[in-house]
2 protein chains.
Amino acid sequence: MEIQLQIKMNEKLFLRDPEQSELGKKIILHSIQLIHLNGFEAFTFKKLAEAIGTTEAGIYRYFENKHRLLIYLTAWYWSWLEYQVSFQTNNINDPVVKLKRVINLLATTVEDDIRTSYVDESLLHQIIITEGTKAYLNKRVSEDNKDHLFKPYKDLCAVIGNMILECNPRYKYPKSLASTIIEVAHFQNFFMNHLPSLTDFGKNKDEAEIVRFLEDLVFSSLQSTSFDKE
Amino acid sequence: MEIQLQIKMNEKLFLRDPEQSELGKKIILHSIQLIHLNGFEAFTFKKLAEAIGTTEAGIYRYFENKHRLLIYLTAWYWSWLEYQVSFQTNNINDPVVKLKRVINLLATTVEDDIRTSYVDESLLHQIIITEGTKAYLNKRVSEDNKDHLFKPYKDLCAVIGNMILECNPRYKYPKSLASTIIEVAHFQNFFMNHLPSLTDFGKNKDEAEIVRFLEDLVFSSLQSTSFDKE
DNA sequence: TTTGTAAAGATAGTATTACTATCTTAAACG
DNA sequence: CGTTTAAGATAGTAATACTATCTTTACAAA
């Protein structure tokens, strides 16, 4: 069977829905490649237009600016990942097993999902690690948040937070632990590859070690008796 | 007694040492104010020059570009914080107490250090939370790392990593836990203030809760028996 | 006193970036 | 067949991120 996966995105993320046209899909495809290649700072709509074979004005009809495009890509990624999470944890009852699957999804290399023809999830995952936080680490964050642009990220956090509570209903910081898992998975990956002395994984550069670190961190906290006492 | 605190910075961070002249000190003072006010993206050397009452060319004699200036500010901050850590943990023997002091320093509002006349540490702390990661989350990171521009950050991590080992010599991930403490302290602070649903502190917006979360996270891991067994 | 040197001020100029506007062509739709 | 709509083509602008050059000021050595 051949299945196409389409993710419904918040309409405020774009001026014209890139998933509804060939040009739009090219914008997504090539922006992922270009940002991955040169980084978000060096990425411009002009270079993107050249890569696609269209003009700057053409891109601006889809996205207000490159910042919005970045938010779009991150939102897309988090939506896709939440779907992966729900798929991979479906029919599993043990919340510990579920949480381990999530940690694995977050901390290990993503494979390209062939059901999404114009998104290379593997590259996108790399982009999220290096550029993802720039989507909200800025002065516009509250404005963008009002437009619900970060909803996919929040939704995923909420899902993970609920798994955490399933593991230990008395744990006091489920949401913070959820966002911590996500961010730490990415930071440790970045550090491992670029500033290895900030990690304990520099020698082998093995993502499996990040998984073990995170599992230790998370399940120590959840199994800890310190909050069952009172 | 009146004490002046000067931090010796890596010479590759600047073209001309800003601590050695009036203009240089003004650059530091006003860049902190401007970045804090408008964010790093909106910050330009032209605006900075106008704020100071000098010209763009004048700033370029001190810093190659605004990215280098950001690295300078972050490096300065981490150096200053390492000094604070060594000061505040001096004469304390219990590594748990020391680590708690560190968590407190990282996760709570910093007060302006009057011994550094042209640096407002309180504003700088805010800048580090929002803009700090941009110093290394880019394509130049390896190059900049070769010039040892991130040494202060690494040094602080190493100090914290050693405290972790003092708490539990058999803990397997001291460096990763150290960098995790630093990054999580900042992220949770940012989320608490701007995307509160990603944390459990949205209601009170109280930094003390971040401290408790981090202490729980860290000491659960360090007290965990899971790695003492083998 | 002169001369050299170095910081800083003043001014100009350039390539690129981040857009906006307008006009034309092409396709798609009823 | 005429109308809407996307997309191509072209132009233009303000701001950004620099680089270059020339002058003034200051202080220090010869």
Side-chain angles (χ1 to χ4, degrees), chain A residues 9 11-31 34-35 37-73 118 131 134-135 138-140 143-144, chain B residues 9 11-31 34-35 37-73 118 131 134-135 138-140 143-144:
Chain A
M9 302 294 289
E11 304 217 337
K12 297 223 169 154
L13 285 165
F14 48 75
L15 300 171
R16 183 172 298 164
D17 188 352
E19 304 207 298
Q20 299 306 319
S21 75
E22 280 312 305
L23 180 58
K25 289 173 189 175
K26 277 190 199 165
I27 290 173
I28 303 305
L29 179 78
H30 287 90
S31 64
L34 276 180
I35 294 173
L37 192 64
N38 304 315
F40 185 65
E41 276 73 36
F43 171 77
T44 69
F45 277 5
K46 192 165 187 204
K47 289 175 193 165
L48 176 60
E50 274 160 26
I52 294 173
T54 182
T55 58
E56 246 183 308
I59 318 284
Y60 277 105
R61 289 191 183 107
Y62 283 81
F63 291 98
E64 232 178 293
N65 51 53
K66 72 172 186 170
H67 181 245
R68 280 284 158 125
L69 175 52
L70 179 66
I71 299 184
Y72 178 93
L73 293 178
Y118 46 94
E131 324 288 356
K134 296 170 191 171
N138 56 58
K139 290 279 164 186
R140 276 173 288 187
E143 229 178 296
D144 291 341
Chain B
M9 303 293 290
E11 303 217 337
K12 297 223 169 152
L13 285 164
F14 47 75
L15 300 171
R16 182 172 300 165
D17 188 351
E19 305 207 298
Q20 299 307 319
S21 74
E22 279 314 304
L23 181 58
K25 289 172 188 175
K26 276 190 198 166
I27 290 173
I28 303 305
L29 178 79
H30 287 91
S31 65
L34 276 179
I35 295 173
L37 191 65
N38 304 315
F40 185 65
E41 277 72 36
F43 170 78
T44 69
F45 277 4
K46 194 169 186 201
K47 290 176 194 166
L48 177 59
E50 273 160 28
I52 293 174
T54 182
T55 59
E56 244 183 311
I59 318 285
Y60 277 105
R61 289 190 184 108
Y62 282 83
F63 291 99
E64 232 178 293
N65 51 52
K66 72 172 184 167
H67 182 246
R68 280 284 158 125
L69 175 52
L70 179 65
I71 300 184
Y72 178 92
L73 293 177
Y118 46 94
E131 323 288 356
K134 296 171 189 170
N138 56 58
K139 290 280 165 186
R140 275 173 288 187
E143 229 177 297
D144 290 341

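Letters A, B, ... are given to chains in the order of the sequence lines, protein chains preceding strands, and every chain is numbered from 1. Just so you know, these numbers use all the heavy atoms, side chains as well, and skip hydrogens, waters and symmetry mates.
- The closest side-chain heavy-atom distance from B/F43 to B/L69 is below 4.5 Å.
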What pairs of nitrogen or oxygen atoms, one from the protein and one from nucleotides 13-18 of chain D, lie under 3.5 Å apart?
| unit_1 | atom_1 | unit_2 | atom_2 | d |
| --- | --- | --- | --- | --- |
| D/dC18 | O5' | B/Y60 | OH | 3.1 |
| D/dC18 | N4 | B/E56 | OE1 | 3.2 |

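- Distance check: B/I28 CD1 to B/F63 CZ gives 4.0 Å after rounding to the nearest 0.5 Å.
- You'll find the side chain of A/K66 stays beyond 4.5 Å of the side chain of A/L70, heavy atoms only.
- Contact annotation for B/Y62: backbone-only contact, meaning every heavy-atom pair under 4.0 Å involves sugar-phosphate atoms and none involves a base.
- A/R68 has its CZ atom 16 Å from the P atom of C/dA18, to the nearest Å.
- Remark: B/R68 engages B/D144 in a side-chain hydrogen bond (donor to acceptor under 3.5 Å, both in side chains) (not counting sequence neighbours).
- Contact check of residues 16-24 of chain B against DNA chain D (heavy atom, cut-off under 4.0 Å) returns no residues at all.
- Counting to the nearest Å, the C1' atom of C/dG9 and the CD1 atom of B/I52 are 13 Å from each other.
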For each nucleotide in nucleotides 21-30 of chain C, reading 5' to 3', give B when a protein heavy atom comes within less than 4.0 Å of its base, S when such contact involves only the sugar-phosphate, and - otherwise.
-> BB--------
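- Partners of B/T54 according to the side-chain contact (heavy atoms from CB on, under 4.5 Å) rule, which considers only residues two or more places apart in sequence or in another chain, are B/L23, B/A49, B/I52, B/I59.
- Between A/E131 and A/K134 there is a salt bridge, since a side-chain N of the basic residue sits under 4.0 Å from a carboxylate O of the acidic one.
- Distance, A/L15 CG to C/dA18 C1': 14 Å, rounded to whole Å.
- Using a 4.5 Å heavy-atom cutoff, the side chains of A/Y72 and A/S31 are not in contact.
- Shown here are the salt bridge (Lys or Arg N to Asp or Glu O under 4.0 Å) partners of A/K12, two or more places apart in sequence or in another chain: A/D147.
- Looking at heavy atoms from C-beta onward, B/P18 lies out of side-chain contact with B/Y118 at the 4.5 angstrom threshold.
- Other residues, nucleotides and ligands contribute at most 12 non-hydrogen atoms within 6.0 Å of the NZ atom of A/K46.
- Under 4.0 angstrom from either OP1 or OP2 of C/dG9 there lies at least one side-chain N or O belonging to B/T54.
- The two residues B/M9 and B/L13 make their nearest non-hydrogen contact at CE-CD1, 3.7 Å.
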